[in-house]
Every structure is written in structure tokens, then in C-alpha cells.
Amino acid sequence: MKIEVKSGKLQDFSAQCAIVGIFEGQTVLPVSLKEADEKMGGALSALFVDGEINGKQKSVQFIHTFGKLGIRRIMTIGLGKKDELTFEDLREVAARAVKEALKAQVTRIVFVLDGEAQMLGAYDATHAIVEGALLANYRFPGYHKEAEDRPSLEEMTVLCPEENIDDAKEGAYIAEALARGTNLARDLVNMPGNYLTPTVLAEKAKEIAERHGMEVEILDKADMEVYGMGGLLGVSQGSVEPPKLIAIKYRGTEKWENVLGLVGKGITFDSGGISLKPGQGMEEMKGDMGGAASVLGALEAIGTLKPAINIAAVIPTTENMPSGSALKPGDVITTMSGKTVEILNTDAEGRLILADGMSYARKMGADYLIDLATLTGAALIALGTCTTAALTNDEALMEEVMEAAGEAGERLWRLPGYKPYKEQIKSEIADLKNTGGRNAGTITAGLFVGEFAEDTPWVHLDIAGTAWADKASDLSPAGGTGAMVRTLAILALRRAESAKSQ
């Protein structure tokens with residue numbers, strides 16, 4: 001898809017549709033449409049005077065130009081109340097505009113930047129428009145015998161005043177990188193488990209790393225045995241698919257210091273193992289590698305934007321399957337850290353592979369750790385599908401992540417990590433047990449992972465509720481959402497900017 005930012009007059013452009021935002025209660029023709037209105041004999045201004053153009057948020061009207069402009073149609077879309085417009089609002093408005101355009105078989109569009117730039121600034125307004133458009137344009141191709149004939153955007157131009165062109169171009173560049181990373185993560189989550197095995201996931205990670213000049217290392221079963229990765233090896237016992245541990249280094253500075261560790265859960269299919277899940281809805285467990293997908297999506301965006309920061313990304317990946325060789329309830333395993341774990345439920349497997357992933361990230365030199373995982377169904381009970389759950393052992397790092405999430409427009413809520421919760425994961429026969437029971441399930445699962453952060457500043461993100469959408473929204477179709485990709489990438493950008501200013 002071709003994306004451009006240009007200045008000029010609307011009537012001088014050719015496209016299937018121009019999209020113009022209108023504020024609620026606006027009765028005066030936007031400046032960007034005045035000369036176009038003259039060519040149309042005052043037809044546009046007449047619609048405004050008569051109140052036929054509605055500025056209510058996301059309301060849409062198509063106006064045909066009948067060959068009097070190079071633009072075939074003009075779409076007005078409501079921005080809501082002028083003094084209430086936010087970045088998130090504009091992103092969703094842009095997404096709705098694209099959805100409506102595609103319904104009308106429109107694939108070449110011009111977004112006209114007008115009042116939005118005055119309210120948010122050209123950088124943020126263009127960022128919101130481009131990001132919203134690209135997220136809404138996402139389609140997973142699927143595996144049909146004959147490809148579905150579904151329109152998607154081919155060309156998109158953002159038209160802005162000449163004095164705003166540099167800010168608008170920068171906003172578009174950032175937005176495109178973030179959206180492409182998000183959509184890459186969506187693709188991975190949507191892939192079936194027989195197409196995305198741990199081996200294939202490792203290959204895709206290697207492609208991303210090499211495309212952006214990152215260092216990559218893929219550990220196999222023999223390597224895991226050398227490191228004593230009993231968590232990853234134990235979970236993988238029941239599957240015929242070999243496990244992998246993906247380790248990627250992004251070097252943004254000369255010295256390997258102040259390293260941000262990103263650890264993503266990569267269960268490419270989760271049957272629950274011997275503690276078998278119910279059959280209904282199990283097909284969605286192809287998405288239990290959502291944490292891994294988010295890490296790879298973030299690396300895709302970071303590889304494009306190239307912030308001056310160092311990142312150690314680790315993805316432990318395997319299937320969790322039942323078989324005669326599978327891990328059993330009651331078994332005790334020894335993790336890479338040396339800590340032992342009593343297995344009470346083999347469906348609490350994500351935290352086991354994350355334990356080894358966290359230890360390996362620390363071995364790589366991570367000074368800070370963030371893990372991402374579709375870890376607990378309890379996260380959906382606590383926070384639903386719109387908010388990611390978080391825990392931490394470090395207030396400063398948690399604040400950084402919260403601020404990045406706010407800038408990305410991704411909802412995040414911190415849960416408590418009080419000492420009494422840790423009592424729930426103590427075992428009588430091992431150092432830990434892999435489940436603390438039904439009470440506070442999201443908290444105890446996160447605290448289990450945190451045990452392997454040791455004294456390293458750490459934030460845990462449980463994306464079980466946010467990584468998958470049961471139904472489509474303006475910004476996403478049903479399926480993988482790419483949750484937290486933009487948060488991680490923005491965190492990297494903010495850290496690099498902070499280091500530069502010191």
C-alpha cells in the first residue's frame with residue numbers, strides 16, 4: 001500500500017474519494033473545501049447551510065462530485081465535539097472512514113487535514129489518521145481454495161498545509177511502522193497451529209531479525225538440556241513438535257548496556273496437556289502465542305524506527321499437548337534458574353516456559369524485563385477484553401510502561417502484588433507450585449513469573465483478554481489484535497529519547 005503526505009489544493013488531486021472531518025455543530029464549510037465548492041457551483045456549502053452534513057462522531061455522508069473534480073466522491077465524517085477531540089477519537093474516526101470506504105469499493109483515498117491539525121497538531125493528527133487507516137485496512141488472507149475478493153486500500157494520501165508538511169510526514173512514518181508491527185502480530189496469532197509450529201515461528205522470527213540487521217540465535221532441545229531449561233522442556237514433552245527458544249539482540253547503541261528484555265510466551269497450540277481443556281473454543285488456543293507475536297511485532301516496528309536503545313528479546317516456544325510422554329500433575333521440574341516447581345495443573349504451562357525465558361533474557365544481559373503472555377483466563381474475568389493486566393516489582397518501570405500504553409492508546413491496569421499472594425504459590429515439596437488456585441489467578445500467575453526476574457526491574461503484561469477479539473471493531477477484525485505492540489515500540493522510542501536528553 002502506498003502512503004504519501006502532500007500539500008496542495010484538493011481540487012488538484014485525483015482519487016476515488018476524499019475524506020474530510022467535520023465537527024459537531026459545524027455549519028461553515030471547511031477551508032479545505034472552499035475552492036472545490038466553487039467548482040461544484042456551491043453545492044457543498046449549500047449542504048452545510050441546510051444542516052445536511054452531520055458532525056456527530058463517526059457519522060458518514062458521501063457526496064458525489066459528478067466529474068467536476070478529480071475526486072469522484074467526498075466523504076464527510078463526524079469528529080464529534082471540537083473541544084473533546086482526542087488522538088484515540090481521531091484514530092477511530094479514521095478507521096471508520098476506511099471501513100466505510102471499503103464497503104463502497106473505494107481503494108484510493110485522500111484524507112484532508114483541516115481542523116484536526118488545529119486541535120491535535122499536525123504530527124499527532126497525521127499519526128492518528130494513518131495508524132487508524134492501516135489498522136482498519138488489515139485483513140487476514142486465510143486459506144481459501146480461491147482467494148476472497150475483498151477490497152483493501154491501495155493508495156492513501158494525507159493532504160495538509162505546506163507549513164505542516166514536515167510534522168505530518170514524521171507522524172505518518174511513525175504510524176506506519178507501528179501499524180505494520182501490529183498487523184504482523186495479528187497475522188501470527190491468526191495462523192493455525194499446523195501452519196505455525198515452533199519451528200516455523202522461529203523461522204519467521206529469524207526473517208524479521210535479519211531484515212533489520214538484528215542478531216538472532218535459535219536454541220533447540222539439545223541446547224535447552226545444556227542450560228537445564230526444565231520448564232520449556234517439560235511443557236514440550238507431550239508434543240511431537242520440537243521446542244525452540246528464540247533469542248534476538250537489537251543493538252541501538254555502541255555499548256551493550258541499559259538493555260530492555262522482552263520475553264514473549266510462544267505456545268503455538270495449547271490443549272492444556274494432561275489437564276485437558278474443554279473442547280468448546282479450543283480452536284482459539286492457536287493464539288496462545290500472542291505474547292511472542294507482540295514481541296515480534298514490536299521488533300518489526302523498532303527495526304524500522306531504529307531508536308538508540310538495546311533490546312534482548314526472548315521467545316520460548318512449544319506446543320502443550322497430551323500424550324504418554326507429557327508432563328503430569330504431581331511432577332516436579334527444575335528450571336534454568338535452579339528453582340524447582342511442582343506441577344499441579346499442566347494447563348498452567350505458560351508460566352513454566354516464561355520462567356526459562358526470563359532466566360535466559362537475564363543471561364543475555366537484560367537490565368529490565370517485560371514479559372507478555374496470554375497467561376490466564378482469570379484476566380478476562382477481572383478486566384474483560386479491553387484492558388491488559390499488569391504486575392511489577394519496580395515502580396519506575398511500571399510508570400514508564402503505563403505512560404507508553406497511554407500514548408499508544410492501549411488500556412492497561414496494574415494489579416497488586418502483595419506478599420500474601422505469594423504464599424499461594426509456595427509448594428511443600430518444591431520451591432514453587434505452578435498454580436495458586438482460583439483466587440487471584442492472574443496475580444499469582446504473574447507473581448510466579450516474577451520469581452524468575454530475581455532482583456531485575458520487571459513488568460508482567462497478561463494479554464489473555466486483549467490479544468484476541470471475538471468480534472470486529474473499527475480498528476480490528478475478529479481474531480488477533482496485536483495487543484501491546486505499539487506500547488512496547490513507543491516505550492523503546494521514549495527510552496531512547498530520554499537517554500538522548502540526559
Could you walk me through whether Ile443 and Leu391 satisfy the side chain to side chain contact (heavy atoms under 4.5 Å, CB included) test, starting with their C-alpha distance in whole Å, then the side-chain angles of each, then the deciding distance to 0.1 Å, before giving a yes or no?
CA-CA 7 Å; Ile443 294 172; Leu391 280 95; 3.9 Å; yes
Heavy-atom pair with the smallest gap, counting every atom of [X] and [Y]:
{"X": "Leu327", "Y": "Gly234", "value": "CB-O, 3.6 Å"}
{"X": "Gly365", "Y": "Val259", "value": "O-CB, 3.4 Å"}
{"X": "Tyr418", "Y": "Leu447", "value": "O-CD1, 4.4 Å"}
{"X": "Leu344", "Y": "Pro329", "value": "O-CB, 3.8 Å"}
{"X": "Pro307", "Y": "Ala496", "value": "CB-CB, 3.7 Å"}
{"X": "Gly266", "Y": "Ile315", "value": "CA-CG2, 4.4 Å"}

Inspect the contact between [Y] and [X] and indicate whether a charged nitrogen and a carboxylate oxygen are less than 4.0 angstrom apart.
{"X": "Lys426", "Y": "Glu423", "result": "yes"}
{"X": "Lys206", "Y": "Glu203", "result": "no"}
{"X": "Asp371", "Y": "Lys265", "result": "no"}
{"X": "Arg494", "Y": "Glu400", "result": "no"}
{"X": "Lys249", "Y": "Glu217", "result": "no"}
{"X": "Asp356", "Y": "Lys363", "result": "no"}

Find the distance between [atom1] ([X]) and [atom2] ([Y]) and round it off to the nearest 0.5 Å.
{"X": "Thr317", "Y": "Leu196", "atom1": "OG1", "atom2": "CG", "result": "7.5 Å"}
{"X": "Asp367", "Y": "Leu397", "atom1": "CG", "atom2": "CG", "result": "11.5 Å"}
{"X": "Ile425", "Y": "Glu342", "atom1": "CD1", "atom2": "CD", "result": "12.5 Å"}
{"X": "Met229", "Y": "Ile333", "atom1": "CE", "atom2": "CD1", "result": "12.5 Å"}
{"X": "Met398", "Y": "His460", "atom1": "CE", "atom2": "NE2", "result": "10.5 Å"}
{"X": "Lys306", "Y": "His212", "atom1": "NZ", "atom2": "NE2", "result": "6.5 Å"}

Kindly indicate, with the supporting measurements, whether the criterion salt bridge (Lys or Arg N to Asp or Glu O under 4.0 Å) is fulfilled by Arg351 and Asp462.
CA-CA 11 Å; Arg351 63 204 73 180; Asp462 190 335; over 6 Å; no
Evaluate the side-chain proximity of [Y] to [X]: yes if any heavy-atom separation is below 4.5 Å, no if none is.
{"X": "Met289", "Y": "Val189", "answer": "yes"}
{"X": "Glu300", "Y": "Arg211", "answer": "yes"}
{"X": "Leu153", "Y": "Leu102", "answer": "yes"}
{"X": "Ile267", "Y": "Thr318", "answer": "yes"}
{"X": "Leu491", "Y": "Leu260", "answer": "yes"}
{"X": "Met336", "Y": "Leu232", "answer": "no"}
{"X": "Gln57", "Y": "Arg96", "answer": "no"}
{"X": "Phe140", "Y": "Met191", "answer": "yes"}

Give a yes or no on this: more than 12 heavy atoms of other residues, nucleotides or ligands lie within 6.0 Å of atom [atom1] of [X].
{"X": "Trp256", "atom1": "CH2", "answer": "yes"}
{"X": "Lys58", "atom1": "NZ", "answer": "yes"}
{"X": "Arg411", "atom1": "CZ", "answer": "no"}
{"X": "Arg438", "atom1": "CZ", "answer": "no"}
{"X": "Lys339", "atom1": "NZ", "answer": "yes"}
{"X": "Gln280", "atom1": "CD", "answer": "no"}

Between Thr374 and Asp288, is the side-chain hydrogen bond (donor to acceptor under 3.5 Å, both in side chains) condition met? List the steps.
CA-CA 6 Å; Thr374 49; Asp288 206 22; 2.5 Å; yes
Please assess Val240 against Met321 for the test side chain to side chain contact (heavy atoms under 4.5 Å, CB included), listing each intermediate value before the final yes or no.
CA-CA 9 Å; Val240 297; Met321 300 292 285; over 6 Å; no
Any donor-acceptor N/O pair, [X] side chain to [Y] backbone, under 3.5 Å:
{"X": "Ser239", "Y": "Asn320", "result": "no"}
{"X": "Asp394", "Y": "Thr456", "result": "no"}
{"X": "Thr392", "Y": "Glu395", "result": "no"}
{"X": "Thr466", "Y": "Thr387", "result": "no"}
{"X": "Ser294", "Y": "Ala483", "result": "yes"}
{"X": "Gln237", "Y": "Ser325", "result": "yes"}

Verify whether one side chain among [X] and [Y] offers a donor that lies under 3.5 Å from an acceptor in the other.
{"X": "Glu410", "Y": "Thr487", "value": "yes"}
{"X": "Thr253", "Y": "Asn310", "value": "yes"}
{"X": "Thr304", "Y": "Arg180", "value": "no"}
{"X": "Ser359", "Y": "Ser337", "value": "no"}

Give me the one residue out of Thr182, Asp187, Asn183, Thr481 that meets side chain to side chain donor-acceptor pair (under 3.5 Å) with Tyr138.
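The side chain to side chain donor-acceptor pair (under 3.5 Å) with Tyr138 is passed solely by Asp187 among Thr182, Asp187, Asn183, Thr481.
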All ring pair (Phe, Tyr, Trp, His ring centres under 6.0 Å) counterparts of [X], not counting sequence neighbours:
{"X": "Tyr227", "answer": "Tyr360"}
{"X": "Phe269", "answer": "none"}
{"X": "Phe448", "answer": "Phe452"}

Lys277 vs Asp270, test: salt bridge (Lys or Arg N to Asp or Glu O under 4.0 Å). Steps then yes/no.
CA-CA 8 Å; Lys277 292 179 181 290; Asp270 182 17; 3.5 Å; yes
Leu296 and side-chain contact (heavy atoms from CB on, under 4.5 Å): which single residue from Leu201, Leu262, Val485 fits?
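Among the candidates, only Leu201 passes.
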Before you tell me yes or no, could you show the steps for Leu184 and Ile208 under side chain to side chain contact (heavy atoms under 4.5 Å, CB included), namely the whole-Å CA-CA distance, both residues' side-chain angles and the distance that decides it to 0.1 Å?
CA-CA 10 Å; Leu184 181 148; Ile208 294 167; 3.8 Å; yes
Give the C-alpha distance, both sets of side-chain angles, the deciding distance and a yes or no for side chain to side chain contact (heavy atoms under 4.5 Å, CB included) between Leu412 and Leu461.
CA-CA 9 Å; Leu412 190 62; Leu461 300 175; 3.5 Å; yes
